[in-house]
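Below, each value reflects all heavy atoms present in this structure, side chains not excepted, and no hydrogens, waters or symmetry copies.
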Amino acid sequence: MSEAHLPPTGSVEVVPEQTAVDLVEDVAREAEDPGIRTEPLLIALDIDGTIILEDETFSPGVVEAVAHAHRAGHEVMLATGRSWEGTEEFLASLNIAPEFVVTSNGAIILRKSDADVLAYERFHTETFDPIEVLTLLREHLPDAKYMVELADGRRLYTEHLGDWNLEHADRVPFEQLSSMPVCRIVVVSPGDTEQDFVELVERIGLNEVSYAVGWTAWLDIAPQGVDKGTALERVRSWLGIDPARVLVIGDGRNDVGMFRWALENGGRAVAMEQGPQEVRDAAGEVTTSVQAGEWPRCCAASEQTSTVLGVRDCAQEPSRRPWKNRLVVLG
C-alpha cells in the first residue's frame, strides 16, 4: 500500500474485524523482528486497576502484551503505590526483571541487585516528618486505620486491615507511628466514602505533602513534591532513555503525576476506562477497562508515538506499515 492510500495523519478508519486482527498481528511480528531497529521505550505500568483485577488476577491479555514488549527490547517496569512486599510477586508472574521498580507512589525506587535472581535493593528513598499530618488527620478521622512505611521498608500500623499486605509490619500504638521519618502514610476509613475523603482533604488542607485519594476511603500521603512522575524521571535519566520514548498506563489519582510528567516531555499517558473522570482527563488517551481486558490489543499509531502494549511507533519505514496513522480497535 502506498502513502497515497493512507488516511490523513490522526484520522480514524473503521475496518472489518479480521482486517484489524491482521494489522495488529503484523505490528506484533515486526515489533519482534530483530532486523527492524526499534528504539527502546520506557513503559511504566500501574498495578491495581491497570494490570490486575480486584481479586489480584491479571487483566486478560496483559501477560502476553508485557512478554511481547519485553521481547521487542522495551524496558517494562512497574510504578505503584504498593510497598515492595506487595509488588514483588507481580514481577515474578510477569516474568520481568526491570532495572528499577517504583513503589510507595514514588517515595521508594528499588534497583536490581542480582542479574540472576529477582533481587532488589532500595536505591533512592524520600522521607518526611509525619507528626503534623498524623495529628491533623486523627482529629478528623479518629476511627480510621493508619499505617506508615519507614525508609528501610518496615511498616507500622494501628489496626489490621484485610487489604493490607502486612509482611514485615508491626502493630503499634498510634503515637509510635510518628517516632521517626516515614516514606508514606496510608489512612483507611471504612465508614467514609471516596468523596468524603476528597472533601476532607480540601477542607483541612495538606499543603506540606503529596497525597492521592483511592477508590475507597483510602488516603495515600507521600513527601511533598514526590509522586510516580518524579520517581520515573529519575529512572528515565539513569537509563538514558529519551523523554519522548515513554509510555505510562494507570487508572487512579495517584497516576496523575506520572501522566503529567509523560505528556509534558512528549511521551504518552493512557488511562483505564474505569478510572475517575479527573484521571481520564489528565491522560492523553483512554483505553478499555481493566475488567474488559484486551486493552493491549488496541493499536493506536502516529508519527510521534509508539504502540506496544497497545501503542507502537510506526514512524520508521512507513512504506512497510499500511496501518500507519490508523486507530484500530478490536471489539
Side-chain angles (χ1 to χ4, degrees), residues 42-70 74-98 100-110 118 120 147 149 155 161-167 169 184 186 188 194 212-220 227-228 231-232 247-259 262 268-276 279-280 283 285-298 308-311 330:
L42 174 60
I43 303 171
L45 304 175
D46 172 49
I47 295 180
D48 297 274
T50 299
I51 65 172
I52 66 168
L53 307 172
E54 288 187 13
D55 63 1
E56 299 204 348
T57 60
F58 284 107
S59 177
V62 166
V63 174
E64 295 81 2
V66 168
H68 157 64
H70 185 65
H74 302 296
E75 181 72 4
V76 184
M77 63 175 291
L78 301 179
T80 178
R82 289 175 174 242
S83 64
W84 169 244
E85 287 75 15
T87 302
E88 182 178 10
E89 62 181 294
F90 297 106
L91 289 175
S93 297
L94 290 170
N95 196 31
I96 59 173
F100 296 98
V101 178
V102 170
T103 66
S104 305
N105 284 325
I108 295 178
I109 304 174
L110 297 106
L118 193 65
Y120 286 79
M147 179 172 70
E149 183 172 355
R155 283 163 296 152
L161 187 68
D163 289 343
W164 287 346
N165 178 331
L166 296 177
E167 184 179 352
R184 66 167 179 158
V186 179
V188 177
E194 176 187 351
V213 176
W215 276 101
T216 56
W218 178 297
L219 181 63
D220 219 315
D227 59 31
K228 293 183 183 181
L232 288 171
L247 169 63
V248 298
I249 307 177
D251 75 307
R253 293 182 179 88
N254 63 335
D255 296 312
V256 171
M258 73 173 181
F259 287 174
R268 297 188 76 166
V270 181
M272 305 299 292
E273 186 178 48
Q274 83 279 354
V279 175
R280 286 178 279 147
E285 305 158 53
V286 177
T287 187
T288 56
S289 71
V290 67
Q291 294 86 1
E294 298 302 324
W295 56 263
R297 295 184 64 198
C298 297
V308 58
L309 291 175
V311 188
L330 304 185

[X] [atom1] to [Y] [atom2] distance, which is reported to the nearest 0.5 Å:
X	Y	atom1	atom2	value
Asp48	Glu54	CG	CD	9.5 Å
Asp255	Thr80	CG	OG1	8.5 Å
Glu89	Leu118	CD	CG	11.5 Å
Thr87	Tyr120	OG1	OH	11.0 Å
Met258	Asp46	CE	CG	5.5 Å
Leu42	Phe100	CG	CZ	10.5 Å

Considering only heavy atoms from C-beta outward, does the side chain of [X] approach that of [Y] to under 4.5 Å?
X	Y	value
Ser289	Asp251	no
Thr287	Met272	yes
Val256	Val279	yes
Val63	Leu94	yes
Met77	Leu45	no

When the ring planes of Phe58 and Phe90 are compared, do they come out parallel, tilted or perpendicular, using 30° and 60° as the limits?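 Answer is perpendicular, since the angle exceeds 60°.
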
Please report the shortest heavy-atom distance between [X] and [Y], naming the atom on each side.
X	Y	answer
Val290	Ser59	O-OG, 2.8 Å
Ala283	Ala269	CB-O, 3.6 Å
Pro98	Val76	CB-O, 3.4 Å

Whether Gln274 side chain and Gly49 backbone form a donor-acceptor pair below 3.5 Å: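 Yes, the answer is positive, given that a donor and an acceptor are paired below the 3.5 Å cut-off.
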
Taking Arg253 for its side chain and Pro276 for its backbone only, find out whether a donor-acceptor pair lies under 3.5 Å.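 No, Arg253 side chain to Pro276 backbone: no donor-acceptor pair under 3.5 Å.
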
Step by step, would you call Ile96 with Val66 a side chain to side chain contact (heavy atoms under 4.5 Å, CB included)? CA-CA 8 Å; Ile96 59 173; Val66 168; 3.7 Å; yes

Tell me yes or no: between the side chains of Ser83 and Glu149, is some donor less than 3.5 Å from an acceptor?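 Per modelled atom types, Ser83 and Glu149 side chains form no pair under 3.5 Å.
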
